[in-house]
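Worksheet: one structure, shown below.
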Amino acid sequence: PPGLYVEDDPEPLTIHDMVVDLTVEYPSYEITGFEVVFDTHPQPSCPAISAAYGQLVGLSIARGFTHQLRSLFGGPRGCAHVTALLQAMGPALIQSAWSMTVGEQRHGPAPDDGAAPAAGDPAATPLQRIGRNLNTCHVWAEEGELVQRVVAGEQIPPPLSIQKRLRELGLDPVAWRRRA
């Protein structure tokens with residue numbers, strides 16, 4: 001807040017401002033690139049930890065990611081802020097799998113990695129179409145309403161922000177899904 005460090009200063013001061021850029025391969029969820037930029041930091045040595053995060057390359061953001069982060073970068077082995085950002089990014093990237101499924105349905109699946117049918121593969125079961133989203137939150141709970149609707153073969157509507165955009169464009173969200 002203003003005046004916290006400099007009495008009578010009307011302007012707030014930024015102590016931390018950083019960008020974490022994570023590149024993740026789909027569908028393997030393997031980290032293939034990483035960069036952290038410390039735009040504003042409290043101590044001159046803060047950016048020195050950036051190179052240590054190169055250890056992320058080759059890791060998977062799937063199960064066990066948070067544990068791996070703590071093991072590699074917990075406490076004095078990393079930057080608390082960068083590690084916290086990464087911990088938030090893992091689940092967000094996993095949740096993006098649903099959007100990737102929509103892309104696969106429209107443009108064909110990603111190259112086969114020898115695993116079970118991909119989420120966008122017409123041969124995929126309903127649970128395979130849900131993919132890694134299954135049990136990631138209350139909305140995607142295996143016994144929850146949304147998952148049960150997918151298992152029952154219902155077409156669920158697109159995410160709310162997509163519905164809003166479709167309406168802004170004069171398009172029908174229900175008809176849009178049928179074109180997928």
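Computed from heavy atoms alone, side chains included, the values below leave out hydrogens, waters and symmetry copies.
More than 12 heavy atoms of other residues, nucleotides or ligands lie within 6.0 Å of CD in Gln148, so this atom counts as buried by the packing criterion. Within 6.0 Å of atom CZ in Arg149, more than 12 heavy atoms from other residues, nucleotides or ligands are found, so the atom counts as buried in its surroundings.
Within the 3.5 Å criterion, the main-chain N or O of Ala62 finds a donor-acceptor partner in the side chain of Ser60. Using a distance-only test at 3.5 Å, with no hydrogens or angles considered, no donor-acceptor pair links the side chain of Ser71 to the main chain of Gln68. Within the 3.5 Å criterion, the main-chain N or O of Arg70 finds a donor-acceptor partner in the side chain of Arg77.
Annotation: the span from Glu154 atom CD to Leu146 atom CG amounts to 9.5 Å, rounded to 0.5 Å. One finds the CD atom of Glu30 at 7.5 Å from the CD atom of Glu25 (value rounded to the nearest 0.5 Å). Here Arg167 contributes atom CZ and Leu169 contributes atom CG; the two are 11.0 Å apart, rounded to the nearest 0.5 Å. Atom OH of Tyr29 sits about 6.5 Å away from atom CD1 of Ile61, to the nearest 0.5 Å.
Residues Ile15 and Leu4 fall within the same hydrophobic cluster, defined by Ile, Leu, Val, Met, Phe, Trp and Tyr side chains chained together at heavy-atom separations under 4.5 Å. Transitive grouping of hydrophobic side chains (ILVMFWY, heavy atoms separated by less than 4.5 Å) brings Val147 and Ile156 into a common cluster. Cluster membership check: Val150 shares its hydrophobic cluster with Val139, using side-chain heavy-atom separations under 4.5 Å among Ile, Leu, Val, Met, Phe, Trp and Tyr. Val19 is not connected to Leu22 by any chain of hydrophobic side-chain contacts under 4.5 Å among Ile, Leu, Val, Met, Phe, Trp and Tyr, and they are in different clusters.
The minimum heavy-atom distance linking Gln43 with His41 is given by the pair O-ND1, 2.9 Å. Of all the heavy atoms in Ile49 and Cys79, the pair that sits closest is CG2-CB, 3.9 Å. Here the closest non-hydrogen pair linking Gln163 and Pro158 is NE2-O, 2.7 Å. Ser50 and Phe38 make their closest contact through OG-CE1, 3.3 Å (heavy atoms, listed as atom of the first residue, atom of the second, distance). The two residues Pro173 and Leu166 come nearest to each other via the heavy atoms CA-CD1, 3.7 Å. Nearest heavy-atom pair across Leu86 and Phe65 is O-CE2, 3.5 Å.
A 4.5 Å side-chain heavy-atom check between Val82 and Val20 finds at least one atom pair inside the cut-off. Within the 4.5 Å cutoff, no side-chain heavy atoms of Pro91 are placed close to those of Ile94. For the pair Glu142 and Leu134, the minimum side-chain heavy-atom distance is below 4.5 Å.
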Exercise for the section: I would like to know whether Phe34 and Leu56 meet side-chain contact (heavy atoms from CB on, under 4.5 Å); could you show each step before the answer? Expected result: CA-CA 7 Å; Phe34 177 84; Leu56 290 166; 3.4 Å; yes

Practice task
Please lay out, stage by stage, how Met18 and Asp39 fare under the test side-chain contact (heavy atoms from CB on, under 4.5 Å).
Solution key: CA-CA 5 Å; Met18 53 195 60; Asp39 287 328; over 6 Å; no

Practice task
Please lay out, stage by stage, how Gln95 and Cys137 fare under the test side-chain contact (heavy atoms from CB on, under 4.5 Å).
Solution key: CA-CA 9 Å; Gln95 289 278 323; Cys137 74; 4.1 Å; yes

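Using a 3.5 Å distance cut-off with no hydrogens or angles, the side chains of Thr83 and Tyr53 do pair a donor with an acceptor.
Considering only residues two or more places apart in sequence or on other chains, Glu35 meets the side chain to side chain contact (heavy atoms under 4.5 Å, CB included) condition with Asp21, Val37.
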